Structures are given as structure tokens and as C-alpha cells.
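What follows is a set of notes on a single structure, which appears directly below.
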There are 2 protein chains.
Amino acid sequence: MPRVVDHDERRRVIAGAVLRLAAREGLEAVSIRSVAAECGMSAGAVQKHFATKEDMMLRALELTEERLERRYAALPDDAGVGEHIRQALPLDEERREEAIVITAFTARAANRADWGRFLAEGYLAVQDSAAELLRRAQADGLLPADRDADDMAAGLTALSDGFSLRLLQLPPGSPEADRLLRALDASVRALLGVASSW
Amino acid sequence: MPRVVDHDERRRVIAGAVLRLAAREGLEAVSIRSVAAECGMSAGAVQKHFATKEDMMLRALELTEERLERRYAALPDDAGVGEHIRQALPLDEERREEAIVITAFTARAANRADWGRFLAEGYLAVQDSAAELLRRAQADGLLPADRDADDMAAGLTALSDGFSLRLLQLPPGSPEADRLLRALDASVRALLGVASSW
DNA sequence: CAGTTAAGAATACGACTGTATTCCGATCGT
DNA sequence: ACGATCGGAATACAGTCGTATTCTTAACTG
């Protein structure tokens, strides 16, 4: 047996380069060759790690979900809804990369059944765990119990996605972005029926 | 002077073909040649009407805004917020086309300052007119007056965009889509602080 | 009726695409 | 030490892209 490398790790590195490139120059700028240049490999090397370009793109999409879940897991136990939502907003370079790529994939997935299923399942998973969080908060008396937790969870994910789209068009930290974040906070409170941010 | 055609009308026809094609086969399938085939012209004819492909794409984006505004204008005077939001949701083929294209453009615009400005202005215009609508409703006592109309308007557009993304992944009329629409209704009511849909 | 001029078709061109294939070098088991 | 085998680089190929250019057709003006 000759030299052996960690195949999965290499695939992750390449997928990361896809995200960086897609965020910086757009999804249409992603080609085998440009990705190879982005991570300092030869085009042939990149090719060896994925059966097809689509596989590579899907791996990049998966990576965004992995990153999001890792951030969720790193949150303290008493983190509220607002803190969770913030993890999906393009507030730093990493999350901005993910938001751009996910948005582009969402548009493409509208006419590709398999991609659409992948995304829809991801949405549903996030929404379900959010609903679980909300139900516990209702049981603890932290939230009014007269609202449907699933409806609230769907509304919260929609709010998060909607504000993400807006924030993508604004430079982070700009006054308009701050204004949007305040509106998001107010919207979350209204949706949950609480007076102060939880 | 030889034969003269309505240049603007032709550009609109071509932009419509771009929307149809992008919705059916994805933004990446849009090329001068494929658009020409879509509207039964020669590639050279399409080329003559736009200085560059980017111009053509931007015209298609403009067309989505024109369509949305036309639907807004066609709404009865007493139409509520829910009715307005529905005009931007992918509930039929035409609105589905627009939603797909706008989503794809939003992703691309994240690294193109001019596109981003175009979209951000469009968002702001929609949001401002929504805020105006809400302020009037507050003055008429239809809505609680203790909420900031601009924050509510930002939240409503975000909800609309967020649910649009979700709906794009589901076949129209499916049970999941209906479920989402009910959640949207509930979210709008919670955001506005009203018990029944307005 | 000739001539000008716009619309549209066709073609040409260089660049880039994804993928298949070939080739080289390094590393491990034997 | 030798050779099997994998990682990786390089190249080849057919196709498509946007755009520039050329050519044809048709209509209006003088």
C-alpha cells in the first residue's frame, strides 16, 4: 500500500474552499479549476476526491449544515431563541459564506427534486428542534402556552431566513444592518408573545 | 427608415423568456442561445436588444418587480396585510418564477455592489409602503398602536421572504405547503398583535 | 424606383467548462 | 530492494459560453 491520506478530511477542505470561493466571487465562479487554485491543489487532485462536480457542491452544502449544527451545539444550555437565530445570520465572514451558498442552493433546488428534499429536510429538522425548545419554555412558564409551538417555530425560521436575505445586501455593522437586527428582535418578541428578549 | 419595432416591448418579451427559463431549468441554464430558443428568436436577435448578458438579466429582475407592483396595484383598496403578502408568495407559476429568480439574484447580489443596491432599494420601497399601510391601520384603530410600524413592516417582509423560500421546495397545494401557509397566517397575526386575520 | 438603414440571421473566435485519460513520483508491504 | 498501488499532476477532448463581426432581408424616404 502506498501513501494514504484522510479522504474525508480532504473533501472537507475542498468543500471549505468552495464555500470561500462562492461567497467571494459567486456560485457561478466555482469550477473544478478555480476551487483547486483556491485551496492550492491541482485540478486533478480535486477531481480525484469527487465523482462529479455536483457531488462537490452537495458536500459544500452539507458543510454549511455541519457548521450550523456545531455552532448550535456550542451554545450554552440556557441560550434563548434569539441566540439560536443569531447563529444562522450572516454576522461574520463564516456565516456570510454559508448564507450566500445556502441561498444560491435554495434557488437551484427549486427545480431539482433531490436538492429540494435535502433542503426541506434540513429546514424541518431545525424547525422541529426549535419547536421542542419552545414547548419546554412553555412548560416552564417562560412563554405563553396559548400558541402553537410548531407554528411559532416555522415563523421563527422564516424570520431568520428573511432577515438573512436582507442582511446579505448590507455591509455588516452598518446602521441599516443594526436597524434590521433591532426589527428582528422586536419581531421575535412579538411572535413569541413576550415583552423582553428571552 | 426601414422597419421599426417596439424595442422596449421586445426587451420585455425576452426578459419574460428569461424568467420562464430560469424558473424551469435554473438560472445557470440561461444563456443568450437558450433564451433565444425559448422565445423563438435567433441568438443574434436577442443579442441586438441588450448590450450584454448582464443587462438582460437585470431587465429580467426588473420585470419581477414590475409584476409584483402590478399585482399590488390590482388589489382592492380594503385588502389587508395577508392579501399583500400573498402577492409575493410562490402560489402560482408566475409568482413561482419570480421567487426563484429573485432568490438566485439575491445570492449573486451579495458580491456585486450594484445588484445589491438595486435589491436593497426594492426591499426598502416595499417595506416603506407596508409601513405606511400599517400606520394608517393603527390610526384607524385596526391595529394596536403600541408597536413600531417600521419594525413590523420589516418583520412582515422577512416573514414573506422566509416562507417563500420554504414554499419553493414544496409542490403547491401539498399538505406541507398548506401547513406552512397556516403558520404564516398565525405569524402575521402574532406580529401585528391582532386576534383574527386582517 | 433607388438607396439608406434597421432588424435579424449566421458565423467566427477565443476562453472556459466538466470529465476522461495518461503519466509520474512516492510510499508501503513483502 | 522491488514492485504494486495510490495520490496527484498534466493533458486531451468535446462542448458551450459571451461577444464581435459579417451578411441578408425588408421597409421607409427622397
Side-chain angles (χ1 to χ4, degrees), chain A residues 1-22 24-61 101 104-105 107-109 111-112 114-115, chain B residues 1-22 24-61 101 104-105 107-109 111-112 114-115:
Chain A
M1 272 262 236
R3 178 166 42 146
V4 153
V5 302
D6 185 340
H7 218 72
D8 285 342
E9 174 56 21
R10 280 301 241 268
R11 286 166 59 96
R12 192 194 323 277
V13 168
I14 295 173
V18 171
L19 292 188
R20 233 173 314 137
L21 194 60
R24 184 159 32 94
E25 302 182 27
L27 238 200
E28 75 278 10
V30 175
S31 72
I32 306 285
R33 291 165 177 87
S34 63
V35 169
E38 176 71 24
C39 56
M41 297 185 182
S42 74
V46 172
Q47 212 184 348
K48 273 276 165 73
H49 288 80
F50 295 96
T52 175
K53 185 191 177 183
E54 291 250 330
D55 279 3
M56 184 180 73
M57 303 302 279
L58 271 180
R59 185 65 191 87
L61 181 58
V101 174
F105 270 86
R108 283 205 194 187
N111 0 57
R112 303 196 187 193
D114 49 343
W115 292 27
Chain B
M1 273 261 233
R3 177 167 43 148
V4 153
V5 302
D6 185 340
H7 218 73
D8 284 342
E9 175 55 22
R10 279 299 240 266
R11 286 166 60 95
R12 191 195 323 278
V13 168
I14 295 173
V18 170
L19 292 188
R20 234 172 316 142
L21 194 60
R24 189 166 27 129
E25 301 182 27
L27 237 201
E28 75 278 11
V30 175
S31 72
I32 305 285
R33 292 166 176 84
S34 63
V35 169
E38 176 70 25
C39 54
M41 297 185 181
S42 74
V46 172
Q47 210 183 351
K48 272 278 164 75
H49 288 81
F50 295 97
T52 175
K53 186 191 176 183
E54 291 250 331
D55 278 3
M56 183 180 73
M57 303 302 278
L58 272 180
R59 184 66 190 87
L61 181 58
V101 174
F105 269 86
R108 282 206 196 187
N111 358 57
R112 304 198 187 191
D114 49 342
W115 293 26

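Chain letters run A, B, ... following the sequence lines, proteins first and then strands; every chain starts at 1. Just so it is clear, the model here is predicted, and its values are computed rather than measured.
In this entry the distance linking NE2 of A/His7 with P of D/dC6 reads 12 Å, nearest Å. C/dA20 atom C1' lies 18 Å from atom CZ of A/Phe50, rounded to whole Å. Between the CG atom of B/Asp6 and the C1' atom of C/dA7 there is a distance of 14 Å, rounded to whole Å.
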Quick tally for nucleotides 17-22 of chain D: nucleotides whose base has a protein heavy atom under 4.0 Å get B, sugar-phosphate-only ones S, the rest -, giving BBBB--
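The line from CE of A/Met56 to CG of A/Leu61 is 13.0 Å long, rounded to the nearest 0.5 Å. Rounding to the nearest 0.5 angstrom, the gap separating the CD atom in B/Glu54 from the CZ atom in B/Arg59 is 16.0 Å.
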Donor-acceptor pairs under 3.5 Å, side chain of residues 42-49 of chain B to any protein atom, not counting sequence neighbours: which ones?
unit_1	atom_1	unit_2	atom_2	d
B/Ser42	OG	B/Ala45	N	3.2
B/His49	ND1	B/Ala45	O	2.7

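One finds a side-chain N or O of B/Arg10 lying less than 4.0 angstrom from the OP1 or OP2 phosphate oxygen of C/dG8. When the side-chain nitrogen and oxygen atoms of B/His49 are compared with OP1 and OP2 of C/dG8, one or more of them lie within a distance under 4.0 Å.
With sequence neighbours left out, the salt bridge (charged side-chain N to carboxylate O under 4.0 Å, His left out) criterion links B/Arg20 to B/Glu38.
Contact check for A/Glu25 versus B/Asn111: no side-chain heavy atoms found under the 4.5 Å cut-off.
Ion pairing of B/Lys53 with A/Glu28 is absent here, as no side-chain N (NZ or NE/NH1/NH2) approaches a carboxylate O to less than 4.0 Å.
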